[in-house]
Structures are given as structure tokens and as C-alpha cells.
Visitor: 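What follows is a structure written as C-alpha cells; I'll ask about it next.
Throughout, residue positions are numbered sequentially from 1 according to the sequence presented. Indexing begins at 1, ligand by ligand and atom by atom, following the structure's order.
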Amino acid sequence: MPRTPSPSVVVVGPASWNQLVVLDRLPEPVPHMQFALADTSTLGGTSAGKALHLAGLDVDTVLHALVADDDPGDRVRAALRAGAVPVREHPSERTERHLNLMTEAGERVSLYLATPSSPDSGIVDAIEDAVRAAELAVIDLSEVGAALVERRLRLGGETPIWTDLHDYDGASAFHEPFVRTAEVVFMNDDATDDPWALMQSCLDRGPRLAVCTLGVRGAIALTAAGERASTPAHPADVVDTNGAGDAFFAGFLAATLRGASLDERLDAGARQAVVALESAHLHPSVG
Ligand SMILES: Nc1ncnc2c1ncn2[C@@H]1O[C@H](COP(=O)(O)OP(=O)(O)OP(=O)(O)O)[C@@H](O)[C@H]1O
Ligand SMILES: O=C(O)C[C@@H](O)[C@H](O)C(=O)CO
């Protein structure tokens, strides 16, 4: 039976090559040595994670990312190909690389070893055109994402924008244009004791829906009309927590495109998070 085409989604932001080192505890900031429990190299980057899960859910998705013509770039390309993610690459002098110090409980220190070169205006123009042509755009925190949301604030535009503020503290200047541009904002509760207040402070600046993931405690959502909803986490045999937030985002977005209710969308997010949690990679298709 022919599949109904899903709306076209553009995802803009980081795709990186990451080295993950698993430790029994995060290192104290004093000179010492520690033995690693495990280490591995794999595809990283929050936009790569979202695009992999959206593609896995049959959402018509194109990832726009800055990837260099270097060895990490080749690895990123190969991993995205394995995940069947359509990619529009934009040139960079370096491919993004992170060193992730992890514990088995999912704590993470992320050291940025390389970041992409600054996108020139031609790159921003090309991605802006793609955003305008899409039915929905996910713009992740990144230099190119910041250029896009600043243009959007100045020039306007119709395509609904979703963004992921990660461990937003409610005040960072870098996040501000993302909050003000987005229709839907995601975040986690790493930097707040009051996620409802954090979500409300975002909604006060424009979005119509805020979602906050709470790790093993599940996730909550608040609409601009004041509706509250929540979901527990689904049971998971956790292998690696990287990318759980991206998977949740993709599950929630795919359910939104199907016209699901808010409770169903939260449940779909929690269900999709398990796919990332039970994989050593952002998505099982990569490994
Ligand atoms: N240990 C766990 N067991 C079951 N589900 C979990 C666990 N950790 C996370 N989840 C699920 O994944 C979702 C997202 O997790 P979390 O809030 O940690 O995202 P995040 O901090 O954005 O993650 P990341 O940055 O690693 O992608 C949660 O809402 C929950 O549904
Ligand atoms: O912040 C990091 O270094 C980890 C990310 O690259 C990770 O792969 C990710 O963002 C997935 O959500």
C-alpha cells in the first residue's frame, strides 16, 4: 500500500564525531588518574540524533549540518548514511568533535574538541531557503541556528520553528532569540528546581507549547492556554543515555504530525526515548 507522504521537516544544527569514555565517577577537578570502564567513538550531535529518529519514524526529514572534508567528517557521513538520513551538507573547515566523559548513571561532561567554522552568509541563505520551503523546521542551538533565528526575528517567516533549549537556565542571552522565534520549545530540568516556572517563562516570550524532559522521571508539558500534561518514563534496559532527549523530541514531533493529543504525544516521546537508551549509539541504525 502506498505510504501517505509525511510533512517535510528540516533539522538544522550539530552533527559531530564523539568519543565516549565511561567512568565510575566524573573526574574531580584535581590532578589524578582514573581507569575507564569502556570507550567508544560514534556519531553525536543533537540534530543528527533528532534526524535519525525522525527518519526512523518515517517522517520526511532533511538534516542540514556543517561537515568538513576530513576524517571525522567521513565518519559522520557514513553513520548518517547507515541511518538513512537525507543530509544536505554545508562546508566547514572542521567537523565538530566532542569528548564525552560519561558515568553509567548517564551523567556527562562534554568537552568540545572542535567546532565548525563560522557559516558564511551563503550557507545561512541556503538553509533559510530550505526552512522557508519546509512545513516545519527544527533549529538547534548552534552558530548557524543563531544566525537563522536572528534573521527570522528581523524578517519574519511562516514555517513553524521548534527548538530544543537543552539545559536552559531561563536567562542565557544565547538562547533568547531561539525562545522568541519558536512555536514549540523543549528543555530539560538540569538547570532548574522549578520546571513549570521555567516553561511558563518561555511561553511568556512567544511559544505556544513547552515540554520539559526529566530523565528517568519522565516529562511534562505546558501550553500557552495553561493546560498541563505529564508522562512517566517507559521502562528501558539502559545501555547509553546519549540522545534520549533527541529521541523523545522526535517521537513527540512525529505524533504531532499524526494529529495525536498532548498525552499521546508525550507518551510517543517517552516510547521513542527507549530506542536511544537501549542503543550504544544515538539510534540503533548507526551501530
Ligand atoms: N534512565 C531512564 N530510564 C527510562 N527512560 C529514561 C531514562 N533517562 C531518560 N529517559 C527518557 O528519555 C527522556 C529524555 O531524557 P532526558 O531528560 O535525560 O533528556 P536530555 O537531558 O535532553 O538527554 P540528552 O541530552 O542525553 O539527549 C525522558 O523524558 C525519559 O522519557
Ligand atoms: O553534548 C555532547 O557532547 C553530546 C552530544 O553531542 C550528544 O551526542 C547529543 O547531543 C545527543 O543528544
Visitor: Name the option, out of Leu99, Asn100, Asp140, that contains the heavy atom nearest to atom 4 (C) of ligand 2.
Guide: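 Nearest option to atom 4 (C) of ligand 2, by heavy atoms: Asn100.
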Visitor: Parallel under 30°, tilted from 30 to 60°, perpendicular over 60°: which one fits the rings of Phe186 and Phe249?
Guide: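 Taking Phe249 first and then Phe186, their aromatic rings sit tilted (interplane angle of 30° to 60°).
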Visitor: Atom 30 (C) of ligand 1: which of Gly215, Cys212, Ala244 has the nearest heavy atom?
Guide: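 Selected option, by shortest heavy-atom distance: Gly215.
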Visitor: Got a salt bridge between Glu176 and Arg205, using NZ or NE/NH1/NH2 to carboxylate O under 4.0 Å?
Guide: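 Result for this pair is yes, salt bridge flagged.
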Visitor: Find out whether Asp60 and Val9 are in side-chain contact, i.e. whether some heavy atom of one side chain is under 4.5 Å from a heavy atom of the other.
Guide: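 Not in contact.
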Visitor: To the nearest 0.1 Å, how far is atom 11 (C) of ligand 1 from its closest protein heavy atom, and which atom is that?
Guide: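 The protein heavy atom lying closest is Ala273 CB, 3.7 Å.
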Visitor: Relative to the ring of Phe248, is the ring of Phe252 parallel (under 30°), tilted (30 to 60°) or perpendicular (over 60°)?
Guide: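 Parallel.
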Visitor: Is it true that a side-chain atom of Thr163 and a backbone atom of Ala182 form a donor plus acceptor pair closer than 3.5 Å?
Guide: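 Pair absent, no side-chain N/O of Thr163 close to backbone of Ala182.
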Visitor: Relative to the heavy atoms of Ser110, which atoms of ligand 2 are at a distance of less than 4.0 Å?
Guide: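 Checking each atom against Ser110, I get 1 (O), 2 (C), 3 (O).
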Visitor: When you compare ligand 1 with Val238, is there at least one nitrogen or oxygen pair between them that comes in under 3.5 angstrom?
Guide: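 By distance alone, the answer is no.
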Visitor: If you measure every N/O of Ala219 against every N/O of ligand 1, is any gap under 3.5 Å?
Guide: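 No.
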Visitor: If I compare all heavy atoms of Thr231 with all of Asp267, which pair ends up nearest, and what's the gap?
Guide: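 That closest heavy-atom pairing would be OG1-CA, 4.1 Å.
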Visitor: How far is atom 25 (O) of ligand 1 from its nearest protein heavy atom, and which residue and atom name does that atom have?
Guide: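 So the nearest neighbour among protein heavy atoms is Arg108 NH2, 3.5 Å.
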Visitor: Could you check Glu89 against Arg77 for salt bridge (charged side-chain N to carboxylate O under 4.0 Å, His left out), going step by step and ending with a plain yes or no?
Guide: CA-CA 9 Å; Glu89 276 181 38; Arg77 278 181 203 97; 2.7 Å; yes
Visitor: For the 3.5 Å polar cut-off, considering only N or O atoms, please tell me whether Thr213 and ligand 1 meet it.
Guide: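 By distance alone, the answer is yes.
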Visitor: Quick test: of every protein heavy atom, which one is nearest to atom 4 (C) of ligand 1, and how far off is it to 0.1 Å?
Guide: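 Answer for atom 4 (C) of ligand 1: His234 O, 3.4 Å.
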Visitor: Looking only at protein heavy atoms, which one is nearest to atom 23 (O) of ligand 1, and what is the separation?
Guide: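 The closest one turns out to be Gly245 N, 3.4 Å.
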Visitor: Which protein non-hydrogen atom lies closest to atom 21 (O) of ligand 1, naming both residue and atom, and how far is it?
Guide: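 The protein heavy atom lying closest is Asn188 ND2, 3.1 Å.
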Visitor: What do you reckon, does Asn18 have a nitrogen or oxygen under 3.5 Å from a nitrogen or oxygen of ligand 2?
Guide: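 Between Asn18 and ligand 2, an N or O pair is found under 3.5 Å apart.
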Visitor: Provide, to 0.1 Å, the distance between atom 29 (O) of ligand 1 and the closest protein heavy atom, together with that atom's residue and name.
Guide: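 Closest protein heavy atom to atom 29 (O) of ligand 1: Gly218 O, 2.8 Å.
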Visitor: Is Gly45 in contact with ligand 2, taking contact as a heavy-atom separation below 4.0 Å?
Guide: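 Heavy atoms of Gly45 do come under 4.0 Å of ligand 2.
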Visitor: Are any of the N/O atoms in Asn242 less than 3.5 Å from those in ligand 1?
Guide: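 N/O-N/O distance under 3.5 Å: no.
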Visitor: Can a non-hydrogen atom of Arg217 be found less than 4.0 Å from any atom of ligand 1?
Guide: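 Arg217 does not count as a contact of ligand 1 under the 4.0 Å cut-off.
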Visitor: Examine ligand 2 and decide if any of its atoms is less than 4.0 Å from a heavy atom belonging to Arg108.
Guide: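 Checking ligand 2 against Arg108, which is what was asked, there is a heavy-atom contact under 4.0 Å.
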Visitor: Counting each atom of ligand 2 from 1 as listed, which ones have a heavy atom of Gly243 under 4.0 Å away?
Guide: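 Matching atoms, with element in brackets: 11 (C), 12 (O).
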Visitor: Identify, for atom 10 (O) of ligand 2, the protein heavy atom at the shortest distance, and state residue, atom and that distance.
Guide: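 Ranking protein heavy atoms by distance from atom 10 (O) of ligand 2, first comes Thr46 N, 3.5 Å.
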Visitor: Going by an N to O cut-off under 4.0 Å, is there a salt bridge joining Lys50 and Asp140?
Guide: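 Asp140 and Lys50: salt-bridged.
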Visitor: Should the proximity of Leu214 to ligand 1, defined as any heavy atom under 4.0 Å, be assigned to the side chain, the backbone, both, or neither?
Guide: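 Leu214 to ligand 1: backbone contact only, side chain stays beyond 4.0 Å.
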Visitor: Out of Leu113, Asp164, Asp246, who gets a non-hydrogen atom closest to atom 11 (C) of ligand 2?
Guide: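 Shortest heavy-atom distance from atom 11 (C) of ligand 2: Asp246.
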Visitor: Look at atom 26 (O) of ligand 1 and say which protein heavy atom is nearest, naming residue and atom and giving the distance to 0.1 Å.
Guide: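 The answer is Thr241 O, 3.3 Å.
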Visitor: Under 4.0 Å between a side-chain nitrogen and a carboxylate oxygen: does that hold for Arg154 and Glu150?
Guide: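 Between Glu150 and Arg154 there is no salt bridge, as every charged N stays at least 4.0 Å from the carboxylate O atoms.
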Visitor: Side chains of Ser261 and Asp263: do they bring a donor and an acceptor to under 3.5 Å?
Guide: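 No donor-acceptor contact under 3.5 Å links the two side chains.
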Visitor: Which atoms from ligand 2 have a heavy atom of Leu282 less than 4.0 Å away?
Guide: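 What qualifies from ligand 2 is 8 (O), 11 (C).
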Visitor: Could you pull out, from Asp240, Leu277, Asp237, Ile220, the option with a heavy atom nearest to atom 10 (N) of ligand 1?
Guide: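 Minimum heavy-atom distance to atom 10 (N) of ligand 1 goes to Leu277.
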Visitor: Has Ser16 got a side-chain atom pairing as donor or acceptor with Gly45's backbone, closer than 3.5 angstrom?
Guide: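 The answer is yes, because a donor-acceptor pair under 3.5 Å joins these two groups.
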Visitor: Does the side chain of Glu96 come under 3.5 Å of the side chain of Thr115 through a donor N or O and an acceptor N or O?
Guide: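 Looking only at side-chain atoms, Thr115 and Glu96 do not form any donor-acceptor pair under 3.5 Å.
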Visitor: Ion pair present between Asp70 and Arg97, side-chain N to carboxylate O less than 4.0 angstrom?
Guide: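 Judged by the 4.0 Å cut-off on N to carboxylate O distance, Asp70 and Arg97 do not form a salt bridge.
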Visitor: Provide, to 0.1 Å, the distance between atom 3 (N) of ligand 1 and the closest protein heavy atom, together with that atom's residue and name.
Guide: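 Going atom by atom, the protein heavy atom closest to atom 3 (N) of ligand 1 ends up being Val216 CG2, 3.8 Å.
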Visitor: Between Met187 and Cys212, is there a side-chain heavy-atom distance shorter than 4.5 Å?
Guide: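 Counting from C-beta outward, Cys212 and Met187 do come under 4.5 Å.
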Visitor: Looking at Asp204, I'd like to know if its CG atom is crowded, meaning that more than 12 non-hydrogen atoms belonging to other residues, nucleotides or ligands lie closer than 6.0 Å.
Guide: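 Check passes, neighbour count above 12.
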